[in-house]
Each structure stands twice: as structure tokens, then as C-alpha cells.
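Remarks on the structure that follows.
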Number of protein chains: 2
Amino acid sequence: MRIGELSERTNTSRRLLRYYEEQMLIVSTRMPNGYREYDERFVDRVMQIRGLLDAGLPIRIIKQILPCLDKPRTIHFPDATPEMLDTLRRERDRMTERINCLIRNRDSVSEYLAEVSKGWRPGTAPSSAPAQERVPAGA
Amino acid sequence: MRIGELSERTNTSRRLLRYYEEQMLIVSTRMPNGYREYDERFVDRVMQIRGLLDAGLPIRIIKQILPCLDKPRTIHFPDATPEMLDTLRRERDRMTERINCLIRNRDSVSEYLAEVSKGWRPGTAPSSAPAQERVPAGA
DNA sequence: TTGAACCCTCACATATATGTGAGGGTCAAC
DNA sequence: GTTGACCCTCACATATATGTGAGGGTTCAA
């Protein structure tokens, strides 16, 4: 597909797709006329990138963990230097810290909302349906 | 305490503490000479802010959820407009999405690391191998 | 009384992720 | 063959979090 379709399907501006390519998070082949050509799996890939970005990871880190995230898990031994593995371990721990921080704070917000809706004027229905929970905490 | 001590105890530059104040995440009283004065609880408060920031939340959101995070849970009913509660609910859901995204990806990284360490040449300790291999992209 | 170690404000600089637009090709439909 | 919807590169603009430094007070101890 061309960049326009990928853009629509991932809800990501063309500008950003080109930026991610420049940052080497994704690649594209070129058609004879110079247009970028993407194959299907880039839809998921781009959405994964968006998710990580939204979760607060910077591009330079995403670039490093992206090779670990292939779905049929193809490990590239030659690519994994000990330095990269160390970085990966540190980053995994950092992600765990972020997760725990977010969980703690989200739970506080949830609690607050629960208490407010309990004590709130009983005439008004607060319509709060917690979209929550699926949280083991392991490293 | 003055800004220098808070800075050291929270590992946050003075510049940033002033910035957080300007953004109204924290407040300070002033001593007669104009120096900022903070009380103990700002140590935790600032660390909480740092955690949320590191987890990817922007300051304008942190500002909104901060009132829900007081430890002895003092709910300010008059402050909570229905709009703010809606924002809060949306933000809680957004945090949950981030959490799940981070968990998913962290688990993938963990898995990758586990598989690499299993399949690695058993003679070599993972952080002391001769660092001479093809390195196409990485740190 | 001088100097070190604090503090103040103000303002410009940087990095990162993103938007916007100019100037210009390609291609299919009318 | 013109039009409209695509695409390209390049470059400047914006927002956010942060660094850095100038120019200048305050406090305290040697």
C-alpha cells in the first residue's frame, strides 16, 4: 500500500510516517515512480510504535526494543551485542517502574472517582464504568 | 526547606522545580528575603510528579489528576465539576491503555531476553563477550 | 570585609515529536 | 490536455520538558 492508506489505517499523519522512516523505526520500498510502498505488516508495526510512543518511550528506545517484538519471534543472535542486551534489561526494568507508577496513580484516580460518585448528589448518574484491570506485576 | 535541599532530595534541578511551580504543579511560600520555602510533603509530591512525567503523562494532565492523589484522601467536592470528572475518567482509561501497552511490550522484551540467554553460547558470560560482531544498528 | 554558597528573575538554547506549507512530480478520469 | 488526488523533498514552525547563563541579591563564616 502507499503512504496515504497506511496513514489512514494507522491514524498517523504522512509526515510522521516519513519521520519514523527517517528515524529507522520502519522502512519502505520504492515504486518505480519514487512513491513509498508498504506491506500489510506495517499497519501493526506502526500501531505498536504509536502505542509505545504514547506510553512515553522515546524513539531511540523504541528502536532498540522493536527487534524483540516480532510476532513469530525471530531472534537475531548476530545483532545482539552484550551492550544491547544490557540496554534491553535496563529498559525492561524502566518499563516495569513506569508500569508500577502508572498503576499506583491510576488506582488512586479510580478510588477518588469511586468516592466522589458515592458521596455525590444522588440525583445524578455519574456513568462511571472502569475500563480496567489485567495487571500482574512481574519482571 | 529551601529550593536547593528539595532539589537534592528529589534529584530534580532547581530550574525544573521553578518550572513546576510556574505550571502550578507545586506551590511555595516565600521567606522575607524572597527565597522559596517548601515543607516536607513536597518531597513526595515532586517525586510523584517526576514519576508521572517519566511515565509519559504531560504536565497539563498531571495537574488535573494531582488533586486525586492526596494521601489522606481529602476530596474537594466543590472543585469537581462534571467536566473534570469526565476528564478524569477518560484519563484513567488512557492510563490503563498505557499500562497494558507497556505490560505487553515489556513481556515481549522479557521473553526475548529469556530466549537469548537460553540459546546463547554457554561458554560466555552475557556481559563479557568479545564485542566483535556485525553491528548494523544499535547503541 | 571579603568570599563562598546560596537564592532571585529573565531570557535564550536544546531535544523530541509533530504540524504546515512551498515547489514540484505522477497518474487516472474527465 | 486539464484537473484532482495522490506522491516527493525540504525547510521552517510549534509544543513540551529541560539546560544554561547573565546580572544581581542574601547569608554566613573566616
Side-chain angles (χ1 to χ4, degrees), chain A residues 1-39 42 45-66 91 94-95 97-98 101-102 105, chain B residues 1-39 42 45-66 91 94 97-98 101-102 105 139:
Chain A
M1 81 196 75
R2 284 174 306 176
I3 202 172
E5 186 182 341
L6 185 58
S7 169
E8 272 184 18
R9 290 176 63 185
T10 59
N11 206 30
T12 302
S13 73
R14 290 137 219 248
R15 171 68 174 84
L16 277 186
L17 293 174
R18 298 193 188 105
Y19 176 66
Y20 297 157
E21 178 174 334
E22 187 192 313
Q23 298 302 306
M24 295 186 300
L25 292 184
I26 57 178
V27 293
S28 63
T29 55
R30 294 304 179 111
M31 302 168 110
N33 59 12
Y35 289 11
R36 267 165 264 252
E37 168 83 355
Y38 301 97
D39 89 53
F42 281 96
R45 171 59 50 116
V46 169
M47 294 205 297
Q48 190 157 38
I49 291 167
R50 302 292 300 192
L52 290 168
L53 237 15
D54 181 70
L57 276 75
I59 281 182
R60 82 173 179 287
I61 297 301
I62 297 178
K63 202 185 317 183
Q64 295 191 311
I65 72 179
L66 224 38
E91 215 43 49
R94 196 118 181 281
M95 288 169 86
E97 278 167 34
R98 285 169 190 223
C101 177
L102 277 171
N105 286 287
Chain B
M1 80 195 75
R2 285 174 305 176
I3 202 173
E5 187 182 342
L6 184 59
S7 170
E8 272 184 18
R9 289 176 62 184
T10 59
N11 203 31
T12 301
S13 73
R14 289 137 218 247
R15 171 65 174 87
L16 277 187
L17 293 174
R18 297 194 190 104
Y19 175 65
Y20 297 156
E21 178 173 335
E22 186 191 314
Q23 298 302 305
M24 295 185 299
L25 293 184
I26 57 179
V27 293
S28 64
T29 55
R30 296 300 181 116
M31 302 168 106
N33 60 9
Y35 289 10
R36 266 165 264 254
E37 168 83 354
Y38 300 98
D39 89 51
F42 281 96
R45 172 57 50 115
V46 170
M47 294 206 295
Q48 191 157 35
I49 291 167
R50 302 293 302 191
L52 289 168
L53 236 17
D54 180 71
L57 276 74
I59 281 181
R60 87 175 174 286
I61 296 302
I62 297 178
K63 204 185 316 182
Q64 293 192 311
I65 72 179
L66 226 35
E91 217 43 51
R94 193 120 183 282
E97 279 166 34
R98 284 170 192 230
C101 177
L102 278 170
N105 285 287

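First the proteins, then the strands, lettered A, B, ... as listed; each starts at 1. Just so you know, these numbers use all the heavy atoms, side chains as well, and skip hydrogens, waters and symmetry mates.
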Are any non-hydrogen side-chain atoms of A/L57 and B/L102 less than 4.5 angstrom apart? yes
Value for CG (A/L66) from CG (A/L52), rounded to nearest 0.5 Å, stands at 7.5 Å
Heavy atoms only, 4.0 Å cut-off, all strands: where does A/R18 land among base, sugar-phosphate and nothing? base
Enclosure of B/R60 CZ (heavy-atom neighbours >12, cutoff 6.0 Å): no
Set of residues satisfying ring pair (Phe, Tyr, Trp, His ring centres under 6.0 Å) with respect to A/F42, sequence neighbours excluded: A/Y38
Readout for nucleotides 16-30 of chain C: B = base within 4.0 Å of protein heavy atom, S = sugar-phosphate only, - = neither; 5' to 3' it is -BBBB----BBS---
Gap between atoms CZ and C1', on B/R30 and C/dC7 respectively (whole Å): 10 Å
Any side-chain heavy atom of B/I62 sitting closer than 4.5 Å to one from B/Y20? no
D/dC8 C1' sits how many Å from A/E37 CD, rounded? 15 Å
Salt bridge (Lys or Arg N to Asp or Glu O under 4.0 Å), that's the test. Do A/E97 and A/R94 meet it? Break it down for me. CA-CA 5 Å; A/E97 278 167 34; A/R94 196 118 181 281; 5.4 Å; no
Heavy atoms within less than 4.0 Å of DNA chain C: which residues of residues 1-11 of chain B have one? Give them sorted by number. B/R2, B/I3, B/G4
Using OP1 and OP2 only, check whether a side-chain N or O of A/R36 sits under 4.0 Å from D/dC8. yes
Among A/R45, A/M1, A/R36, A/E37, the one residue meeting side-chain contact (heavy atoms from CB on, under 4.5 Å) with A/L6: A/M1
Under a 4.5 Å cut-off applied to non-hydrogen side-chain atoms, are A/R18 and A/R14 in contact? yes
